[in-house]
K.L.:
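Got a structure for you, written out below as structure tokens; questions coming shortly.
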Amino acid sequence: MRKTFLAPAGLALLMGLSPLGYAASQPLDRIVAVVNQDAIMQSDLDRRIEQVKKQLSTRNVQAPGGDALRQQVLDRMILEDIQLQMAKKANMSVDDDQLSQALRQVAKGNNMTLDQFQAMLKKQGVSFDTVRDQVRRELLVSMLQKQQVASRVTIPEREVDQYLDKMGAQDQASYHLAHILVTLPENPTSAQVNAAREKADALRQKIRSGQQSFAQVAARVSSDPTLEGGDLGWRPRNELPTIFADVVPGMSAGDVSAPIRSSSGFHLVELVEKKGGQQQLISQVDARHILISPNPNRSDAQAQALAEKVSRELKQGADFGALARQYSDDKGTALNGGELGWTNPSDVVPAFAKALESLPQGQISEPVKSRFGWHVIEVEGRRQRDVTEDSQREQIRQKLFERKVNEELDSWLQEIRASAYVDNRLNDTAVQ
């Protein structure tokens, strides 16, 4: 199974990885794969391999043999290239706020501030623009997956009800999982299914006998493209993939599951560690705002000036609701006096969230810039709220949605790979 969309594989790879791999140079170059109209070069493949080796090294996992690793990394790059081409065709883009937030996450994963991360890159002779481009690509892939795969998924209310009945108090448990996937082709024959099951059984026995660790086997043979020793990280009980949900809770730390069949193949799951959860409180802010956006008849500077005028009038006692109805370009809230209601700061754009967190209650903000324009904000209240039945149902609905999306992603990736033209020249063998 793959990671959720909020943690793209490339970002996970960058975090905890010394970026020295970017500096590697190659005396010769050649095309190792043609993907539709694009080409993947040997130098690009070599750099990606160095990243993977470094990542495995930080986990004390020995990288698989050269040919196996090169093919796994190339397969991953081919899938990435197909998705980037689709994103370009759909006119998708990553704005500066999204990119900056992702880069801060990368820096945080290396236990640094963004400035410290940039300084380290410069010291090691690594272009920060190169890192930005890679992170931008990973974000585009994630956006495409959300758009293409999410439309296939629906969550009926009865599934939410069934989930509530089934999970009960177990929801608070969390599991640190690792994963190996032995893939099956589309419409496999009985012989192919039996061979894959036997391979998965043999791998499980090798791990249980102590011949090799789970991480070593995952790095060597797993068809899952994470290439991080199979580590899936921590998963709350209610975010376990459906095919694992009935198996993992009954396992003990260190256990390796029997092969689990899915449409993608056979999965082996290791429970690395388990811990109990605690009650979740939701921080919410009751706020309202007036949005002044640039438009063909209003420049950004003019929008800012108007927002400053609105802010001054509000501080002098003008009615917030009346000015919102008069000026706000957020048509969804303007008629309601700019009221946003109780809002989670994590659900709004970063600049707006930062203002919500720092603005004292009852005070009118100076204009705040976001990608939508200029906001004038007032915080009317704050609260720490226990999860109520309604909000709990919404959280469960979202978790079920993410779970199904991740499962559907496997099938979608197989489909786009099958429909693309790919000339794999790594071993001078063409594949289409």
Side-chain angles (χ1 to χ4, degrees), residues 3-7 11 15 95 97-109 111 113-114 142 146 155 160 163-164 167 169-175 233-240 275-291 311 314 320-321 324 328 330 332-333 336-403:
K3 296 183 182 295
T4 59
F5 294 129
L6 296 178
L11 295 183
M15 294 191 290
D95 64 44
D97 282 347
Q98 291 172 294
L99 184 57
S100 296
Q101 185 178 18
L103 286 166
R104 285 193 292 270
Q105 291 175 354
V106 173
K108 184 178 180 181
N111 298 314
T113 65
L114 185 56
S142 179
K146 286 181 180 179
I155 306 297
V160 179
Y163 177 91
L164 284 168
M167 295 296 127
Q170 296 184 70
D171 285 354
Q172 299 302 319
S174 294
Y175 304 86
W234 283 96
R235 299 290 181 95
R237 172 68 177 86
N238 49 20
E239 292 184 15
L240 292 176
K275 64 182 180 182
Q278 58 185 3
Q279 186 180 24
Q280 297 291 317
L281 294 177
I282 301 175
S283 297
Q284 294 184 321
V285 179
D286 188 14
R288 53 185 176 176
H289 83 134
I290 296 171
L291 171 65
S311 178
L314 290 171
F320 199 108
S328 184
D330 182 356
T333 63
N336 196 33
E339 295 287 348
L340 294 169
W342 288 103
T343 303
N344 301 334
S346 60
D347 292 338
V348 296
V349 293
F352 199 98
K354 185 177 180 181
L356 288 180
E357 291 170 358
S358 61
L359 187 65
Q361 185 172 330
Q363 181 174 314
I364 303 298
S365 74
E366 294 299 318
V368 175
K369 178 68 181 295
S370 81
R371 68 176 184 266
F372 300 108
W374 294 89
H375 307 260
V376 179
I377 307 168
E378 181 183 9
V379 171
E380 300 179 282
R382 299 181 186 277
R383 70 182 181 187
Q384 292 286 318
R385 189 186 182 199
D386 289 341
V387 177
T388 63
E389 182 178 351
D390 288 343
S391 60
Q392 184 183 27
R393 288 183 68 85
E394 182 56 35
Q395 288 185 17
I396 290 170
R397 186 178 294 105
Q398 183 60 32
K399 293 179 189 302
L400 291 172
F401 177 81
E402 291 291 341
R403 174 190 290 177

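This structure is a prediction, so every number in the text was calculated from the model and none was measured.
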K.L.:
Does a side-chain heavy-atom distance below 4.5 Å link Leu340 with Phe352?
P.N.:
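Counting from C-beta outward, Leu340 and Phe352 do come under 4.5 Å.
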K.L.:
Could you tell me the separation between the CG atom of Asp347 and the CG atom of Leu356, rounded to the nearest 0.5 Å?
P.N.:
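CG of Leu356 is found 11.0 Å from CG of Asp347.
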K.L.:
What's the shortest heavy-atom distance between Pro350 and Gln101, and which atoms?
P.N.:
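Heavy atoms only, the tightest pair is CG-OE1, 3.8 Å.
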K.L.:
May I ask you to decide if Ser365's main-chain N or O and Ser311's side chain share a donor-acceptor pair within less than 3.5 Å?
P.N.:
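Checked: pair present.
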K.L.:
Any sub-3.5 Å donor-acceptor pair from Asp95's side-chain atoms to Asp97's backbone N or O?
P.N.:
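It does hold such a pair.
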K.L.:
If you measure from CD1 on Ile364 to CG on Leu314, what distance do you get to the nearest 0.5 Å?
P.N.:
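If we round to the nearest 0.5 Å, Ile364:CD1 and Leu314:CG are 5.0 Å apart.
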K.L.:
Which value, rounded to the nearest 0.5 Å, describes the distance between Asn336 atom CG and Ser328 atom OG?
P.N.:
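That separation rounds to 11.0 Å.
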K.L.:
How long is the span from the CZ atom in Arg382 to the CD atom in Gln361, to the nearest 0.5 Å?
P.N.:
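The CD atom of Gln361 is 7.0 Å from CZ of Arg382, to the nearest 0.5 Å.
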K.L.:
Give the minimum heavy-atom separation between Phe320 and Gly337, together with the two atoms involved.
P.N.:
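The answer is CD2-O, 3.7 Å.
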K.L.:
About how many Å separate CZ of Arg371 and CD of Gln98, when rounded to the nearest 0.5 Å?
P.N.:
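So the CD of Gln98 and the CZ of Arg371 are separated by 5.5 Å.
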K.L.:
Just checking, is any N or O donor in the side chain of His375 or Ser370 under 3.5 Å from an acceptor N or O on the other one?
P.N.:
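There is such a pair (donor and acceptor under 3.5 Å, judged by atom type) between the side chains of His375 and Ser370.
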K.L.:
Which pair of heavy atoms, one from Pro345 and one from Ala353, lies closest together, and at what distance?
P.N.:
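Looks like O-CB, 3.3 Å.
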K.L.:
Using atom types as modelled and distance alone, determine if a side-chain donor or acceptor of Glu378 lies under 3.5 Å from a backbone N or O of Gln363.
P.N.:
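Not at all, since once roles are kept as given, no pair shorter than 3.5 Å links the two residues.
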K.L.:
With rounding to the nearest 0.5 Å, note down the distance linking CG in Leu99 to CZ in Arg104.
P.N.:
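Reported value, rounded in 0.5 Å steps: 10.0 Å.
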K.L.:
Any side-chain heavy-atom pair from His289 and Thr333 closer than 4.5 angstrom?
P.N.:
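They are in contact (side-chain heavy atoms under 4.5 Å apart), so the answer is yes.
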K.L.:
Can you give me the closest heavy-atom contact between Pro367 and Trp374, atom names plus distance?
P.N.:
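Heavy atoms only, the tightest pair is CB-CE3, 3.7 Å.
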